Asker: 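My structure is below; once you've seen it, I'll send some questions.
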Amino acid sequence: MFQDLSFSLEQGSALVVTGANGIGKSSLLRTLAGLVPLAEGTIRLEDGEPEKLPQEQAHYFGHQDAVKPALSVLENLDFWQSFAAPSVHESFSGSSLQPLAALETLGIGHTALLPAAYLSAGQKRRLSLARLLVTPRPVWLMDEPTSALDKASEQQLLGLMNDHLAAGGLIVTATHTELALNTINVLHLEAPDPADQVPEEALL
Amino acid sequence: MDLGPHAGFIIASYGLCLLTVLALIAWVRIDKANQERALKELADQGISRARPDQGRN
Amino acid sequence: MAFWDYANPTRFLKLVQVLLPWLVGLCVATFAIGLYMAFFTAPEDYQQGDTIRIMYIHVPSAWLCMMCYTVMSISSIGTLVWKHPLADVSAKSAAPIGAAFTFMALVTGSLWGKPMWGTYWEWDARMTSVLVLLIMYLGLMALWRTMDDPIKAGKAAAVLTLVGALNLPIIKFSVDWWNTLHQPASVVRLDGPTIHSSQLWPLLVMALAFTLLFFVLHLMAMRNEVLRRRVRALRMRAASVSRPATASASAQPAE
Amino acid sequence: MTGWAMALFRRDLRLSVRIGGSAIVGVLFFLAVVTVFPFGVGPDLNLLARIGPAILWIGALLATLLGLDRLFQADREDGTLDLMLMAGRPLELVVLIKCLAHWLSTGLPLVVAAPLFSVFLNLDPVAMAAVTATLLVGTPALTLIGAIGASLTVSLRRGGLLLAVLVVPLTVPILIFGVSSADAAIHDPVPFMTPFLILCALTLIAAVVGPIASAAALRFAAD
């Protein structure tokens with residue numbers, strides 16, 4: 001999928017991946033999340049917990065919310081808190097809120113006992129985001145994090161992301177909109193010249 | 001009272017019918033309690049049919 | 001017209017409130033009389049002995065499971081033709097009751113059959129079609145449970161109920177025909193012996209008691225269903241209230 | 001250590017109880033299969049009693065297989081599966097726990113319903129007990145082997161039929177020993193325990209092979 005792609009990211013900084021539609025921003029994030037196998041190359045998280053794979057120390061916040069409509073909002077979040085293994089080490093002190101507190105922070109505390117089926121798209125998105133706050137993990141992989149959020153929630157999300165960076169976390173995010181993050185590196189993905197684009201079969 | 005050689009079958013059928021009816025009654029009552037509790041919880045949050053346009057508080 | 005006045009859910013709830021205590025009292029009284037007659041005044045059958053007493057619950061529950069399906073079919077027409085919300089509520093809350101009555105008819109029939117025919121179950125036309133009716137009831141209940149949106153679920157279930165209403169007589173006839181191919185009419189049929197008035201009266205009283213029981217349970221279940229939909233609507237409102245809450249939360253950025 | 005396992009178990013049980021009552025539908029399907037057989041072979045009670053254990057086993061097999069396609073698919077569709085792969089928990093155990101919860105909510109009701117349905121098939125009490133016992137031991141194996149098929153077809157839109165086609169051959173040994181031990185209990189000369197113990201062994205093997213193969217398939221499916 002990618003050729004000659006290499007980047008490194010320092011603690012407390014964010015990488016914003018930009019590029020045209022279909023260039024493979026989502027694929028890059030999914031590769032980092034370990035959901036797409038690497039053909040060659042490595043992903044390393046230095047200073048992390050050595051016995052764990054990089055993706056087990058990362059949160060993936062993708063297009064899908066992973067919200068079960070039949071469970072209550074709190075049950076959804078409780079499950080992820082118990083199920084996802086936390087990952088902390090000395091240089092990273094991420095937030096580990098209690099589920100209710102996380103819901104309150106995101107402004108959906110009053111829905112805690114309702115079945116998640118009653119949530120609007122934006123509320124489901126925020127419930128999914130609350131997942132990142134209840135289990136501390138140093139790396140956040142966020143694919144279009146601001147989609148389905150209104151302006152106010154977007155501001156709040158930026159606040160949370162900056163907090164995460166300040167606590168020593170890493171963020172890799174694919175986005176179309178400008179994000180006011182504190183420390184930004186930009187990775188711009190570009191398609192090679194059409195002339196260079198030889199179908200793989202032709203090479204065989 | 002003597003129910004004859006097949007008393008067991010008679011008692012069993014009446015007993016099972018009674019159980020089924022009791023189960024139905026229990027279902028109806030528990031369901032009612034559940035719905036009323038949910039309505040009450042919602043009313044405590046300030047959401048009720050009477051005041052449709054009032055939000056929280 | 002009085003019927004249409006009470007078709008409004010809120011008025012309906014009020015009507016239930018008034019009607020229910022009387023119905024419950026009447027139902028209990030009828031059951032007391034019916035059970036007394038069934039056990040103390042009704043004579044033994046000269047052929048079946050005391051097992052005839054099972055008839056006083058078996059036959060009414062069998063009647064009721066048919067009647068319940070009729071109620072559901074009429075309600076389904078109400079759902080599809082007039083799109084009336086209470087019709088759908090009525091059909092949905094009748095299904096579990098119908099299933100329970102069908103279950104009672106099957107169980108008592110089978111417990112009656114064991115001493116009389118020597119087997120709990122016979123693939124006889126009547127029993128088989130009642131078993132199919134039970135499957136229909138349970139299938140309808142599953143359909144209602146599986147679909148989230150009560151309006152959509154109500155329409156789907158109404159279509160299935162009506163198709164089932166057409167299909168059940170066909171099942172009855174075809175099974176009759178299927179069965180007689182293999183088994184000559186040696187089976188003791190319920191409708192075989194002419195019924196004596198000393199047995200007929202307890203049966204009629206019990207049938208009335210069962211009918212009252214059905215209406216009591218149906219009204220209570222319908223009330224629950226109306227409440228359930230109310231809860232659903234209010235919960236949707238409760239969730240959507242959040243908009244202002246978000247704005248206030250973002251005024252003070254998260255720590 | 002075990003907290004996450006309980007959380008997953010409880011979540012899966014809750015979901016299966018709340019969504020559409022999969023247990024009810026499974027048992028209903030079982031009942032439908034059992035009811036349809038006499039229409040096919042005729043209402044001859046002696047014949048039904050003879051083939052009754054086989055009918056119950058085939059009914060349970062089909063009911064189990066048809067209920068399995070949602071085992072992972074529902075989680076994949078809403079993105080939960082991706083997060084489960086990243087959760088840092090052993091995937092084999094995750095599969096095993098999901099299977100256990102799935103069996104409790106769909107397999108166990110089949111076992112409980114089996115004695116009731118065997119009345120329709122004119123089984124005597126010994127046969128009834130034997131079939132129930134074999135189903136109790138055998139249906140977990142069906143779920144565990146079916147999980148392999150469920151994870152292989154997880155990315156397909158209409159995986160249900162393919163799942164059944166893939167898994168039925170693998171369940172043949174379980175069917176053979178399940179039915180033969182039930183038959184052995186009915187016709188005295190053959191000992192009941194021999195095929196029954198083999199059935200138990202098959203279930204234990206399935207409890208090892210199923211989760212490992214299924215976890216491997218899930219890892220490949222995630223792309």
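Not measured: the values here are computed from a predicted model.
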Asker: Is any side-chain heavy atom of B:E36 closer than 4.5 Å to a side-chain heavy atom of C:L227?
Answerer: yes
Asker: Between C:Y120 and chain B, which part of the residue has a heavy atom less than 4.5 Å away: side chain, backbone, both or neither?
Answerer: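 When you check distances to chain B, only side chain atoms of C:Y120 fall under 4.5 Å.
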Asker: Rounded to the nearest 0.5 Å, how far apart are CZ of C:F103 and CG of B:L16?
Answerer: 6.5 Å
Asker: Locate the shortest heavy-atom distance separating B:S13 from C:T108; write the atom from each residue and the value.
Answerer: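 Between these two residues, the closest heavy atoms are CB-CG2, 3.7 Å.
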Asker: Taking all heavy atoms of C:A238 and all of B:L42, pick out the closest pair and write down the distance.
Answerer: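 Residues C:A238 and B:L42, closest heavy atoms: CB-CD2, 3.8 Å.
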Asker: Check for a donor-acceptor pair, side chain of C:N224 on one end and backbone N or O of B:V28 on the other, with a separation under 3.5 Å.
Answerer: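 Yes; at least one donor-acceptor contact below 3.5 Å.
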Asker: Where does C:V231 contact chain B at under 4.5 Å (heavy atoms): side chain, backbone, both or neither?
Answerer: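 Both parts, backbone and side chain.
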Asker: Between B:N34 and C:R228, does a side-chain contact (heavy atoms from CB on, under 4.5 Å) hold up when you go through it step by step?
Answerer: CA-CA 9 Å; B:N34 282 341; C:R228 191 188 339 274; over 6 Å; no
Asker: Nearest 0.5 angstrom please: B:I11 CD1 to C:I54 CD1, how far?
Answerer: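 Answer rounded to 0.5 Å: 10.0 Å.
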Asker: Would you say the ring centroid of C:Y56 lies under 6.0 angstrom from that of B:Y14?
Answerer: no
Asker: Check whether any side-chain heavy atom of B:W27 sits under 4.5 Å from a side-chain heavy atom of C:P96, and report yes or no.
Answerer: yes
Asker: Which atom names give the shortest non-hydrogen contact between B:L24 and C:L217, and what distance separates them?
Answerer: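 Closest heavy-atom pair between B:L24 and C:L217: CD1-CD1, 3.6 Å.
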Asker: Around C:M67, counting heavy atoms of other residues, nucleotides and ligands shown, do more than 12 lie under 6.0 Å from its CE?
Answerer: yes
Asker: Between chain C and each of B:A23, B:A38, B:C17, count heavy-atom pairs under 4.5 Å; write down the option with the most.
Answerer: B:C17
Asker: So which part of C:R235 gets closer than 4.5 Å to some heavy atom of chain B, the side chain, the backbone, both or neither?
Answerer: both
Asker: Taking the side chain as every heavy atom from C-beta outward, state whether C:M220 and B:K32 have any atom pair closer than 4.5 Å.
Answerer: no
